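For reference, the structure is listed below as structure tokens.
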Amino acid sequence: MSVAVSVKLAPVVAPPARGGLALKVAGLSHRYGNLNVLEDIELSIEPGNVAVLVGPSGCGKSTLLNIIGGLLEPTAGKVTCAGEIADDCINPFTYVFQDFALLPWRTVGGNISLVLEDARLSARDRARRIDEVLDLTGLADFKDAYPAQLSGGMRQRVGISRALSVRPACLMMDEPLSALDAQSRLLLLEEFAQIIDRARTTTVYVTHNLNEAVRLGHQIVVLSRRPGRVKEIIGIDRPITERRAGDADLIEIEAHVWDLIRNEAAIADKELGHAGDH
Amino acid sequence: MPAITERVVPFRARGFAPRDLPVMGAASIAGLVLLWQIGSSLGWISPVFLPAPLQVAQAIYRMTVSGELWRHLSASLWRIALGWTLGTLIGVSAGFAMGLFTLARSPMQAFVGILFPVPKIALVPLFVIWFGIDEASKIATIAIGVFFPTVISTAAGVEAVQKNLIRLGQSFNLTRWSIITKIILPGALPSMLAGFRITLSVSILLLVAAEMIGAQRGLGAYILRAGDLFQTDQLIGGVVVLAVLGLAFVGLLGLVERRLLRWR
Ligand SMILES: Nc1ncnc2c1ncn2[C@@H]1O[C@H](COP(=O)(O)OP(=O)(O)OP(=O)(O)O)[C@@H](O)[C@H]1O
Ligand SMILES: [Mg+2]
């Protein structure tokens, strides 16, 4: 693996107010065969911040996310992280998938149990963690239901519960709301804002939806069309939980981001080779 | 202005939706047997060619009380149990290897591709030479016949497991063993069970073929001997026992399926 994960101790002065790892992407490029997907990406994410990756479709957002989380080896460059990983963290880099990725033969509780069973946890601790995350996402009554019995929104709540149960240092979310209907998406967006704010883990969030981007992001990373390069990074300092749909500053940033990518998106839309990854 | 007549929009989506009526299935079998019995009673069907259902029932009854049925059935069941289990164990392991490992994949595909279409009955004489006329050759025949469909259905099942679920396991740092047993195995199970449905009937087929060569006991030997002696009531009786055996296997597998695939 060329993803160098160098875990350094946090500086002694001023302990970070937020948990999680600082992430740094340096000189990162990726190609699939002859297809140049990412070029010279430089990015750093503060511990506990939410970085939202936006850009025209096919520009390499999912590729970048998978490289950051160690599911894909980059052609060049590296990803490093810094900071302490808590003792109770079972899986530092944890994904929430667009298609939920739930095992249909396991119940809601069983799906969460799956990712805890390989860890050194007593059966009691495991059960406690499961109950804890199910309470957090309002799924307590659905513990014994099978995924097929749940709506899309509920399934993604299971996905987020599962991710939280391992107490991640980094949450990686690839369009977690895009498979949902518009209403579930709005509801879950509010919940995500609460959950992400409370968990205070470093989060990398990929979306096509600029409204989601300005609601959740501390830094919005705008990528150019393929080969993806960082076009601009926009910071939003306001706490996530204080943001509301329709806030003037958010609308302004959303419009600005759309200006940045509209032309590129239009061109990317007409390109061939949208094999996609899902 | 012309008068506008109101018409009902006709319903056009009729048909193409057959329903299951289990009662009709049973009734049609019963009806056929009844016709057969009537034909025999009226002398339209010669008892030498086709004995009446009642005669067959009597033959089965005599065979049961004399203990002969159990003598043959137990030998056959034992062979199927051993042969099927052996073929299934090796087939499932090989199917997993084929679905999981690059090194096993192409060689096994070639091997299976060449040998699968060969009728295994053609190999029975060879097995008799290799393993002797006794139990071993019969069990080997069943095992090899069960092996190939099992490999194919297992490998297909393993390949059909959604890649995103394997990705999920890897992204949560699950061990290889956990990914295989908790994600791939349950994911491949529906296809494997469909394969078992085939191999159970294949094992009955090969059992009878193997028992027709140099066996004293077993349903195949019994049927062969009845045929040699023109005792068609016993012959049909043996066939009925085989049919019941097949039904029992299917029923048993249905139970297992319903238990294991409850999540569907
Ligand atoms: N495994 C792969 N092999 C070859 N090409 C790939 C592979 N995965 C993705 N690609 C291509 O690389 C490019 C970037 O893909 P990626 O999925 O990272 O883009 P994306 O920004 O996430 O797109 P989307 O917005 O559609 O989700 C696309 O053109 C895609 O077709
Ligand atoms: Mg993508």
Side-chain angles (χ1 to χ4, degrees), chain A residues 1 5 62 65-72 85 89-108 110-120 144-150 158-159 161-174 179 276-278, chain B residues 88 92-93 95-96 99-103 105 150 153-197 252-264:
Chain A
M1 288 274 306
V5 179
S62 301
L65 190 75
N66 287 338
I67 292 174
I68 294 176
L71 290 184
L72 193 67
I85 293 174
C89 169
I90 290 172
N91 185 47
F93 293 85
T94 298
Y95 281 81
V96 175
F97 298 94
Q98 177 181 13
D99 57 5
F100 324 128
L102 301 176
L103 301 183
W105 51 86
R106 282 192 177 227
T107 59
V108 168
N111 265 288
I112 298 169
S113 173
L114 173 82
V115 301
L116 302 174
E117 284 163 12
D118 281 357
R120 265 190 240 100
D144 298 320
Y146 284 91
Q149 299 172 283
L150 302 177
V158 180
S161 308
R162 177 177 63 192
L164 294 174
S165 74
V166 297
R167 314 248 164 100
C170 254
L171 262 180
M172 325 291 288
M173 305 177 144
D174 193 352
D277 56 335
H278 38 252
Chain B
T88 298
V92 166
S93 325
F96 263 83
L100 290 178
F101 306 114
T102 310
L103 270 182
R105 195 176 175 79
T150 308
S153 65
T154 305
V158 170
E159 275 159 39
V161 175
Q162 288 169 38
K163 294 289 165 283
N164 67 330
L165 295 183
I166 296 172
R167 224 12 173 16
L168 152 82
Q170 292 174 324
S171 81
F172 277 93
N173 274 338
L174 300 195
T175 59
R176 267 190 95 77
W177 180 245
S178 278
I179 292 178
I180 291 175
T181 55
K182 295 174 189 170
I183 297 178
I184 297 177
L185 180 65
L189 206 57
S191 170
M192 285 165 63
L193 287 171
F196 291 174
R197 211 170 264 280
L252 218 61
L253 196 66
L255 279 181
V256 172
E257 240 167 23
R258 224 166 311 144
R259 236 195 107 57
L260 290 179
L261 305 182
R262 219 173 353 192
W263 51 272
R264 284 192 138 187

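Just so you know, these numbers come straight off a predicted model, no measurement behind them. FYI, side chains are in, hydrogens and waters are out, and symmetry mates aren't considered; it's all heavy atoms of this structure. Sequence lines set the chain letters: A, B, ... in the order given, protein chains first and strands last, and positions in each chain run from 1.
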Exercise. What part of A:V166 gets closer than 4.5 Å to chain B, counting heavy atoms only: side chain, backbone, both or neither?
Worked result: side chain
Exercise. Between B:I180 and B:L185, does a side chain to side chain contact (heavy atoms under 4.5 Å, CB included) hold up when you go through it step by step?
Worked result: CA-CA 6 Å; B:I180 291 175; B:L185 180 65; 5.6 Å; no
Problem set entry | Portion of B:L261 that has a non-hydrogen atom of chain A nearer than 4.5 angstrom | neither
Exercise. Quick one: of B:R264, B:R262, B:R167, who has the most non-hydrogen atom pairs under 4.5 Å with chain A?
Worked result: B:R167
For this session: Could you go through the side chain to side chain contact (heavy atoms under 4.5 Å, CB included) check for A:I90 and B:N173 one step at a time?
Result: CA-CA 9 Å; A:I90 290 172; B:N173 274 338; over 6 Å; no
Seminar exercise, completed: Turns out that what part of A:Y146 lies under 4.5 Å from chain B's heavy atoms comes down to side chain
For this session: Select one option (side chain, backbone, both, neither) describing which atoms of B:L168 are under 4.5 Å from chain A's heavy atoms.
Result: both
Exercise. Are more than 12 heavy atoms from other residues, nucleotides or ligands located less than 6.0 Å from atom CG of B:L103?
Worked result: no
Problem set entry | With A:D174, the side-chain contact (heavy atoms from CB on, under 4.5 Å) member among A:D99, A:V96, A:L65 | A:L65
For this session: Verify, without hydrogens or angle tests, whether A:D144 (side chain) and A:T107 (backbone) share a donor-acceptor contact under 3.5 angstrom.
Result: no
Problem set entry | When A:R162, A:M172, A:Q149 are compared by non-hydrogen pairs under 4.5 Å with chain B, the top option | A:R162
